[in-house]
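Data first, discussion second: the structure below is written as structure tokens.
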Amino acid sequence: MSVLRDLFTIVLVSAGAVFFLAGTAGLLRFPDPLTRLHALTKADNLGLGLIVIGLLPQADGILAGLKLVVVWLLAQLAGAAATRLVARATGRPG
Amino acid sequence: MAEFLIAMAGVVLAVVSVGLARVLWGPADADRLMAAQLLGTGSVAAVLLLAAAVGSPAIVDAAVILTLLAAFAIAAFVSSQFDSDATADLPRDQQQ
Amino acid sequence: MLTGQASTLPETNSPIGFLLVLAIALPAGGVALSLLLGGRGAQRLAMATMPLGVAVALVVAGNIWRSGRSLTYLVGGWHPPLGIALRADGLSAVMLLTTAVVIGAVCLYARGSFGLPAGADERRAPLVFWIMLMGVWSGLNAVWLAGDLFSLYVALELLTFSAVPLVSLDGSAATLEAALRYLLFALIGSVLYLLGTALLYGGYGTLDLVLLSHVIKPEPTAFIAASLMTAGLLAKTALFPLHLWLPPAHAGAPAGGSALLSALVVKGSFILTVRLWFEAMPSLLHLGTSQLLGALGAAAVLFGSVLALRQARLKLMIAYSTIAQIGYLFFLFPLASAPAEATSMFGDDWNGIAWTGGMMQLVAHATAKAAMFMAAGLIAEALGHDRIAEFAGLGRALPVTMLAFGLGGMSLMGLPPSGGFVAKAMLLVAAMAEGQWWWAVVILVGGLLAAGYMFRVFAPALAAVDVTMRRRVVVPQSRQAVVLALAICAMLLGLMPLRPSQLLEVGRPASVTALTR
Amino acid sequence: MSDAALYGLCSAVLVGVGLYGTIVQPQPLQKILAFNIVGSGTFLLFGVIARRGAAADMGGDPVPQAMVITGLVVAFSATALAVALLLRLHDEAGRADDAPTPPATDDETSGC
Amino acid sequence: MSVGPALDAGLALLASALAVWVVLARQAFGAVVGFVAFGLVLSLAWLRLGAVDVALTEAAIGSGVTGAVLLAAVTRLHCARPVVAAARCGRRTRAISIASAGLVSAGLAALVLSPTDPAPTLAPQAAAALPELGVGNAITGILLAYRSVDTLLEKIVLLLALAGIWSLARDGAWGDRPAPPGSGRRDGTLTLLGQVLPPLGIVAGIYIVWVGADAPGGAFQGGAILAAMWILALMARLADPPVVGRIGVRLAVGIGPIVFLAIGFAGFALPGGFLSYPAGFAKPLIIVIEVALTFSIAVVLGLLVLGPSARGTQR
């Protein structure tokens with residue numbers, strides 16, 4: 001049981017890290033701000049999301065798990081807002 | 001397990017801090033902002049991983065606060081930087 | 001110590017130790033309440049705090065003088081190193097008294113410039129001035145009394161945050177720039193001090209001055225910490241060559257504020273430097289360090305005086321003279337720490353005499369300089385400017401003010417019977433007796449230069465010209481009287497040198513005395 | 001090398017870099033940032049000392065940690081005051097020249 | 001191989017690199033972004049050093065609220081573009097400053113590499129006295145009992161900083177509202193953030209204060225979060241900055257320090273004297289002080305970010 005749980009964590013957390021890697025690569029390599037923004041959003045959504053899901057079995061108690069989910073939701077909100085605002089700002093000249 | 005989680009925290013941090021190169025290069029302020037946001041998200045992930053590794057709920061609190069403040073910082077960036085550029089031609093008491 | 005643990009001292013609260021808390025907490029409470037009450041409330045509060053604060057200082061000083069013993073108060077009943085002790089020795093008592101006298105005078109003086117008529121709305125400058133005045137008082141008293149290096153850091157910051165807004169009170173670009181420069185200097189100064197504090201805690205596990213003096217050893221930790229802290233404190237004291245911020249800041253503040261800054265605020269970091277070297281780490285005060293500090297002081301005396309001679313504006317001249325007068329204070333380091341063989345030659349306690357002389361210089365300068373800045377403020381109010389070249393006939397127009405200014409100047413020059421004379425004479429004699437004649441030369445030259453810049457003011461002011469001064473405003477007699485009273489204080493100090501020096505001996509650092517016996 | 005020593009070296013670097021910046025950096029705003037970096041280095045040194053003093057079931061000596069919290073609040077107040085002074089100075093200078101950006105006459109007056 | 005030290009080395013390296021970037025950056029905006037990132041990295045370093053309380057404070061105050069102040073400043077200074085004209089230091093000044101800064105660094109490095117052994121600590125003493133107070137978080141015990149006078153004076157420092165910033169208002173604007181943070185535009189996304197985040201943030205802030213007596217957290221951290229949420233609501237134009245001359249604002253600013261002082265003075269009636277707590281009542285009194293302080297800290301930090309009153313901000 002414990003082995004399975006740990007395996008689940010290892011797989012999902014590693015996958016999350018891969019998405020962070022992809023996001024960074026995109027941020028560095030993509031040619032213009034809008035595509036870079038796209039890459040960043042992926043990392044935000046999926047990277048953190050996968051890590052949170054991966055850590056859920058490790059959390060002791062419902063409250064601790066809930067906090068993890070809250071963190072993810074907050075990050076989603078911030079990321080979405082940033083995306084919209086940055087997209088609009090870069091869409092304008094100047 | 002703890003070792004693995006700490007290692008992953010390190011990996012995530014290392015990866016996103018490479019993205020900080022965008023802060024250096026720019027060229028647009030939006031790029032700098034995105035790089036900083038990526039670092040913010042990465043830090044939150046790293047804190048969560050550390051919390052799980054140490055098994056300390058207080059560290060999760062730190063992650064909650066970091067996320068809140070990351071959102072706050074983005075709002076501050078946006079409301080100060082981009083809008084002011086867009087509205088530079090509007091009369092504002094601070095500008096004259 | 002073996003375990004690296006500082007043990008606690010068998011200290012208990014002195015019967016009137018609670019007064020030490022009041023000395024800090026009354027003006028601190030005044031700050032909080034002033035913001036709350038606003039408007040005329042701030043002024044009323046300052047006026048109410050003033051006599052209380054003076055009374056506290058008097059009772060504390062009287063008690064220490066009569067009993068000959070220092071006072072202690074353990075805040076919250078917690079013993080150092082975990083808790084914080086407030087301690088008052090003779091030096092603290094003298095400083096408490098000086099602070100109370102100068103602040104009292106500034107309060108009375110500033111009623112003229114920052115008083116609000118009954119029923120008036122709250123206004124910016126008066127409210128801020130009264131709040132900052134109480135902030136300065138609280139911070140200074142905390143510096144004189146706190147026995148813990150980190151509390152002293154907070155006290156220094158309290159001083160910085162109340163001193164900087166005073167500089168930029170008039171809001172002109174020049175004073176804003178002076179305030180910003182002052183703030184940056186002060187902040188770097190405090191952060192260096194804090195860095196040293198961290199090192200000392202890491203080395204000895206306590207920040208209590210007394211406990212630290214028991215465990216500190218002449219080793220790299222202590223030496224590096226002491227160097228960083230001293231560098232930081234010197235930046236805050238504006239010792240040459242870290243003086244750049246002082247003239248524009250002290251000259252830019254309103255007269256009452258300049259008086260506080262020049263007379264008192266710079267002395268806070270100076271006293272802390274003295275306590276650090278003489279009380280906390282006497283074993284580290286080697287010949288080299290003390291001669292270096294003395295040499296910087298000598299450079300400050302010469303440099304500050306020469307620049308004061310060349311100023312066209314009165315307030316700037318007084319500010320540059322502050323740089324010079326601060327220089328004298330640093331002769332304390334070489335002269336009060338001379339090795340026994342040097343001092344025993346004439347069989348007297350020359351270190352002790354130098355110590356008393358240095359502190360006397362501090363008190364005399366505080367009172368004299370506050371009087372001079374306030375006199376300059378009155379002159380500027382009356383004339384609408386402070387250009388020295390246009391002072392012709394001033395002696396006749398403002399005789400009381402000019403008398404006060406002159407009495408203050410006598411103290412700066414070191415003419416008898418002023419407090420400055422006694423102070424400089426004691427330093428001079430100690431320098432000769434200890435065979436360190438070079439300081440004596442600087443003291444004499446500094447006195448001559450001071451006479452030069454005072455003469456530049458008085459020559460036109462007293463010239464028998466027939467032009468009648470065009471006065472913008474009539475300065476009330478009461479404000480002139482306050483300034484004169486303070487200048488007379490500086491003078492009276494010279495007439496009763498023995499009594500304050502007795503008080504100064506209570507709790508005098510053992511290092512000053514031990515070296516001579 | 002222990003983890004505390006690593007952060008100790010980091011604090012030494014931060015203090016040095018920050019000090020250099022406060023002296024050399026011509027922009028007042030970046031001087032303020034540099035001061036904050038010296039401050040952070042100092043606080044980190046407290047943290048290293050706290051870490052080494054771990055005892056009595058505590059991950060570190062709480063006394064220096066508490067001092068850092070006090071220090072952080074003071075450093076923030078200082079930053080806020082310095083920035084407010086800088087902004088007002090900038091306004092004043094801009095007003096005096098009646099131009100949107102003040103000319104850089106001196107390293108302290110120029111906002112930009 | 002242990003991965004901990006590798007992570008620590010990475011964090012230390014990253015923090016140092018960011019510091020160099022902040023100091024040398026030609027662009028003020030880039031430097032400020034770098035500084036906020038630097039604060040973030042430092043919070044992680046504090047977690048690694050086992051100082052969760054400090055990590056919370058660094059995140060909230062050191063990086064969060066300070067970042068807001070700096071960003072607003074950068075915008076108003078029009079520093080987004082590279083600077084040409086500012087006087088740069090001469091080569092000699094640079095050499096001297098490199099030498100002196102290097103000397104300080106080298107001295108510090110030498111000291112941290114040769115620590116006192118055993119390292120001095122007050123942890124056992126701090127722990128031993130905690131049961132008397134009834135609080136579980138030693139840092140709360142230090143800030144509000146053993147070294148409470150520091151905390152009290154530091155609150156006065158905050159008030160003085162606020163009065164100092166207010167003093168920079170123009171005479172005609174005295175007592176008026178400060179300029180709202182950010183630009184004057186309403187914005188849908190910002191409004192959404194301003195509506196959704198503050199309720200969550202307020203809960204988080206209060207939670208951090210509440211657990212502060214026994215777990216990491218406390219008045220500073222909670223107050224800073226509340227302040228950030230307030231500023232956010234102001235940025236989204238969901239509320240107006242307060243009229244700072246009003247008695248209500250002044251009361252909010254002063255209540256914390258005044259309650260703290262009043263409880264301190266009440267201690268004179270006890271054997272322990274000023275700022276001592278009666279046996280058995282220490283924890284409730286500490287919580288009363290913390291609540292009052294949190295409220296005042298939130299208001300003061302917010303007002304510090306807002307800056308001095310400005311005229312004509314209400315159109």
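Keep in mind the model is a prediction, meaning the values are calculated, not measured. Proteins get letters first, then strands, A, B, ... in listed order; numbering begins at 1 in each.
Heavy-atom pairs under 4.5 Å with chain C peak, among Asp171(E), Leu275(E), Asp150(E), at Asp150(E). Chain E forms more heavy-atom pairs under 4.5 Å with one residue of Ile224(C), Leu35(C), Val75(C) than with any other, namely Leu35(C). Contact count versus chain E (heavy atoms, under 4.5 Å) is highest, among Glu122(C), Arg123(C), Glu157(C), for Glu122(C). Listed options Leu37(C), Leu74(C), Val154(C) were ranked by heavy-atom pairs under 4.5 angstrom with chain E; first place goes to Val154(C). The greatest number of non-hydrogen atom pairs below 4.5 Å with chain C, out of Val253(E), Leu160(E), Ile247(E), Ile255(E), is found for Leu160(E). Your options are Asp148(C), Leu228(C), Asn13(C), and the one with the most heavy-atom pairs under 4.5 Å with chain E is Asp148(C). Ranking Leu22(C), Leu36(C), Val128(C) against chain E, the residue ahead of the rest is Leu36(C), based on heavy-atom pairs under 4.5 Å. Per-residue counts of heavy-atom pairs under 4.5 Å with chain E were compared for Ala32(C), Gly83(C), Ala146(C); the largest is that of Ala32(C).
Shown here for Pro165(C) and Gly164(E), the closest heavy-atom pair between the two residues is CG-CA, 3.6 Å. The nearest pair of heavy atoms linking Ala25(C) to Phe274(E) is CB-CZ, 4.3 Å. Ala163(E) approaches Met132(C) most closely through the heavy-atom pair CB-CE, 3.6 Å. Residues Arg124(C) and Ala169(E) share a closest heavy-atom pair of CD-O, 3.2 Å. Taking both residues in full, the closest heavy atoms of Leu82(C) and Gln125(E) are given as CD2-O, 3.7 Å, listed atom of the first, atom of the second, then distance. Residues Leu168(E) and Ser168(C) approach most closely at CD2-OG, 4.0 Å, considering heavy atoms.
Counting only heavy atoms from C-beta outward, the side chains of Val21(C) and Phe268(E) approach each other to under 4.5 Å. Within the 4.5 Å cutoff, the side chain of Leu199(C) has heavy atoms near those of the Leu108(E) side chain. The closest side-chain heavy-atom distance from Ile142(E) to Trp78(C) is not below 4.5 Å. Looking only at side-chain heavy atoms (C-beta outward), Val149(E) and Ile24(C) stay at 4.5 Å or farther from each other. Taking 4.5 Å as the limit, every side-chain heavy atom of Ser151(C) sits out of range of all side-chain heavy atoms of Leu153(E).
Heavy atoms closer than 4.5 Å to chain C are found nowhere in Val249(E), neither backbone nor side chain. Both the backbone and the side chain of Tyr201(C) come within contact range of chain E, each with at least one heavy atom under 4.5 Å from a heavy atom of that chain. Within the 4.5 angstrom heavy-atom criterion, no atom of Phe260(E) approaches chain C. For a residue to count as touching a neighbouring chain, one of its non-hydrogen atoms must lie under 4.5 Å from one of that chain's; by this rule Ala252(E) does not touch chain C. For a residue to count as touching a neighbouring chain, one of its non-hydrogen atoms must lie under 4.5 Å from one of that chain's; by this rule Tyr73(C) touches chain E with the side chain only. Heavy-atom distances place both the backbone and the side chain of Leu251(E) under 4.5 Å from chain C. Of the atoms belonging to Leu86(C), not a single heavy atom falls under 4.5 Å from chain E. Contacts between Ile156(E) and chain C at a heavy-atom distance below 4.5 Å involve backbone atoms as well as side-chain atoms. Only the side chain of Ala142(C) comes within contact range of chain E, with at least one heavy atom under 4.5 Å from a heavy atom of that chain. Heavy atoms closer than 4.5 Å to chain E are found in the side chain of Leu176(C), but not in its backbone.
For Phe223(C), the CZ atom sits in a loose shell: 12 or fewer heavy atoms of surrounding residues, nucleotides or ligands are nearer than 6.0 Å.
Distance check: Ser167(E) OG to Leu127(C) CG gives 10.0 Å after rounding to the nearest 0.5 Å.
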